[in-house]
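These notes concern the structure reproduced below.
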Amino acid sequence: MSTDRPAAPESVHFIRAIIDQDNRSGKWGGQVVTRFPPEPNGYLHIGHAKSICLNFGLAREYGGRCHLRMDDTNPTKEDVEYVESIQEDVRWLGFDWGEHFYFASDYFGRMFSYAEELILKGKAYVCFQTEEEMRATRGTVTEPGTPSPWRDTAPEDNLRLFRQMCAGELPDGHCTLRAKIHMGHANMKMRDLPMVRIRHAHHHRTGDRFCVYPLYDFAHCLSDSVEGITHSICTLEFENNRELYDWFLDNLDGVHHPQQIEFARLRLSYTVMSKRKLLALVKDGQVSGWDDPRMPTIAGLRRRGVTAESIREFAERIGVAKANSTVSVELFESCIRDDLNSRAPRLLAVARPLKVTLTNWPEGQVEELDAALWPHDVPKEGSRALPFSGSLFIERDDFALTPPKGWHRLAPGGEVRLRHAYIIRCDEVVQDDSGEVVELRCSVDLDTRSGSAAADRKVKGTIHWVSAAHAVPAELRLYSRLFRVEDPDAAESYAEALNPDSLEIVRGAFVEPAAATMPQDARLQFERQGYFWADPKDSKPGALVFNRIISLKDSWAKAQPAAAPAPLLRVTTTHKDKMTGIKTMLSVGKTGSTLHPTYGVPMLVAKIVLENQEVRDYVDGAIWSEPDPAITPAMIVNMVVNELLPAAKGAPLATLSLNPAGLAALVGLVTGGEISTKQAKEVLAECLRGGESPAAVVKRLGLSQLSDDASLKPLVDAVLAEHQDKLIELRAGNVRLLGFLVGQVLKRSGGRANPSRVQALVEEAAARA
RNA sequence: UGGGGCGUCGACAAGUGGUAAGUCAACGGAUUUUGAUUCCGUUUACCGCAGGUUCGAAUCCUGCCGCCCCAACCA
């Protein structure tokens, strides 16, 4: 286990912030109950892993629990095969749902009685429109829909009809139970969505017990509710559904009402994530199955040899937010390498062998080298016996007849070190009739064995090798990215997007003997090649098959101009630099120049006041209430627009506990120098909360502003003394430090220092250099 | 054209009125019997754009631009 490295500090993403807030307010009594609710109609993938890590991780962090729930409301699509694979995958990722394994289908009976409750309340009705009719009458995003002719059926009739549906007296599609909400609702989801449909189908769990099945929106909130979920976390596309989620639970009596929270699902570059496309890859035979090591499925990653730890680390590193974004696959690869680096013992293997004969090695002699399994910076002990002889295989790629510039490997007449062994010199190249190199005849420098006295002779390169007589044959499967384009979803077709070289099967490779005796599930590094492990399905003793989990970084290959293995096609989708600049410049009305005659503010600001009678009355009231000539209408308007309106949070201004005269008084405190604008904000909030007058708040909180230099100077000097370096930087032209220093003085004064005076003093000090 | 969301370095992502975190990538350099790892350092992100408020704005206000989601008896 690679747990000795300090865990990355977890960031407080917005969901953790919500939970922290709930725990402070006691909203759920300190409980955190989450759930992972997959539909058992496909295999889980890395995108689900993000959600699993989030839900189970949160529960673990906060000492709560996370349920695993099969969202099996659609009998025609779901299958037990999937419920098993899902459980296996979640468990493999390292999470435990304990007793809390559920099926939405367990709640069907309760859901239908909730449906009856809604029917009786006149909140649901049985509708006989066909699918097409329903679509046609739903309206569009800009036009309202038209009500169903059955919308006003009496509750008792609806109840009778609904019971007929449930009893199986009606054929598929004959009618549905619909929520009675509003056919003109701006949120399309609220336009009387169907809750229950008729499906005479065999369900993988409830068998033929039901012939009606609830739809997602109705089923999901109730499943969460009956399980006592507190935080129902789902992906962004369900944001529109939240209103419906809340509607159902608000309209049912005495039900628990979880909070739905949406976050951005994972998108990965060079990867497809949709079930449909993944299924197509399997069906079209582009991959060998759901667990093909190139697949982003959990099963595929597992078979490739990726560890659960690296997936969890990845989930933590990408964070959780609401911005729709695409994580570059390099980040995932980095997590995989990082985990394997400290986990995998190092061994030697040759993928494409080239014979090397050591001409001066004693005939038939075999030397057993004691070779360390770990590099110097992995704090682990251990070595294995590595047989060395006069007949070896090296990697074909490690020899070049005409070496390019910067070549560190073997070339005619050149020297390299054989890892853990000797330095050899290539004396002779044997080629066949076609000119292909078939053998190298080399001489070995017998004084240079690793660890021996004279071993420190330096040569440019070190290469891997195996002894021909001891080499164990193996098949290597070299996997790389399935797609060669960054955004395969945007590609026209597979043909164009698929990487033709995503799997290279190398038969005739050789591994050192120790590789055959490692535990079956051990992750290994074949030095200079990558991380591997034995394929769990196909590798057998005597017929070894190793999957490459991930290659090593290769700065040599990357530096070679032509050979760059990286993407051939790049579909760039920078949503930046679109011309937004130009467009806005054309459409913007300049606000700076013209001021509104009575209010003295830019027209655009005045418009806010003018267009809303309520605001206008308030502003005018404030202006006329205060005879103090130091207060201009502009000050009032700015205070109202920029501070009061947002603080009021949409409440009618007339109901505010700060009346126009009070607001004018507040402005007066600022112009009079009693408080700063910053403090004014605080006072405003207090007035709104408690109904006190501004002056009373200032008095109670002791906010009176410090403006005299006599009390300010010592504070400024103290801060400057403490931050000498910052003052120097400020003098050097880093004006941002001005804000920092002023802020420090303000903090020291408990917020009472007059900021503009402080700023002047700091500027003076800086100028005094 | 209605409603719901989202725009901070090449990629993720903190930050919620007082010096724009961190990670990956990239680029240098050191160490290295893996062209790996490790370690150091670098890349001036003026925070979608434009105005406004403020001593001070990524953060507050206004307008605009761009992207995503919603019109399955799928989830």
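Letters go in sequence order (proteins before strands), and every chain restarts at 1.
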Legend entry - Passing option when A:Glu415 is tested against A:Lys460, A:Arg409, A:Arg457 for salt bridge (charged side-chain N to carboxylate O under 4.0 Å, His left out): A:Arg457
Inset, instruction - Describe the nucleic acid contact of A:Phe238 in one word from base, sugar-phosphate, nothing, applying a heavy-atom distance below 4.0 Å. - result: base
Legend entry - Donor-acceptor pair, side chain of A:Arg197 and main chain of A:Pro214, under 3.5 angstrom: yes
Inset, instruction - Return yes if the base of B:G35 and the side-chain atoms of A:Arg409 contain a donor-acceptor N/O pair under 3.5 Å, otherwise no. - result: yes
Legend entry - Distance flag, aromatic centroids of A:His723 and A:Phe740, threshold under 6.0 Å: yes
Inset, instruction - Would you state whether a donor and an acceptor, one from the side chain of A:Asn324 and one from the base of B:C67, lie under 3.5 Å apart? - result: no
Inset, instruction - Stems involving RNA chain B: give each as a range paired with a range, ordered by first number, where a stem means at least three consecutive Watson-Crick or G-U wobble pairs under 3.5 Å. - result: B:2-7 with B:65-70, B:10-12 with B:22-24, B:26-30 with B:38-42, B:48-52 with B:60-64
Inset, instruction - Between B:U37, B:C12, B:G52, spot the one nearest the side chain of A:Val327, thanks. - result: B:C12
Inset, instruction - Report yes or no: is there a donor-acceptor pair, N or O only, under 3.5 Å between the side chain of A:Arg346 and the base of B:U34? - result: yes
Legend entry - Side-chain donor/acceptor contact of A:Lys322 with base of B:G7 under 3.5 Å: no
Inset, instruction - Indicate, with yes or no, if the rings of A:Tyr216 and A:Phe238 have centres closer together than 6.0 Å. - result: yes
Legend entry - Donor-acceptor pair under 3.5 Å, A:Gln525 side chain vs B:U34 base: yes
Inset, instruction - Return yes if the base of B:G52 and the side-chain atoms of A:Asn642 contain a donor-acceptor N/O pair under 3.5 Å, otherwise no. - result: yes
Inset, instruction - For A:Gly406, answer base if it contacts any base atom (sugar-phosphate contacts may also be present), sugar-phosphate if it contacts only those atoms, and nothing otherwise; contact means non-hydrogen atoms under 4.0 Å. - result: base
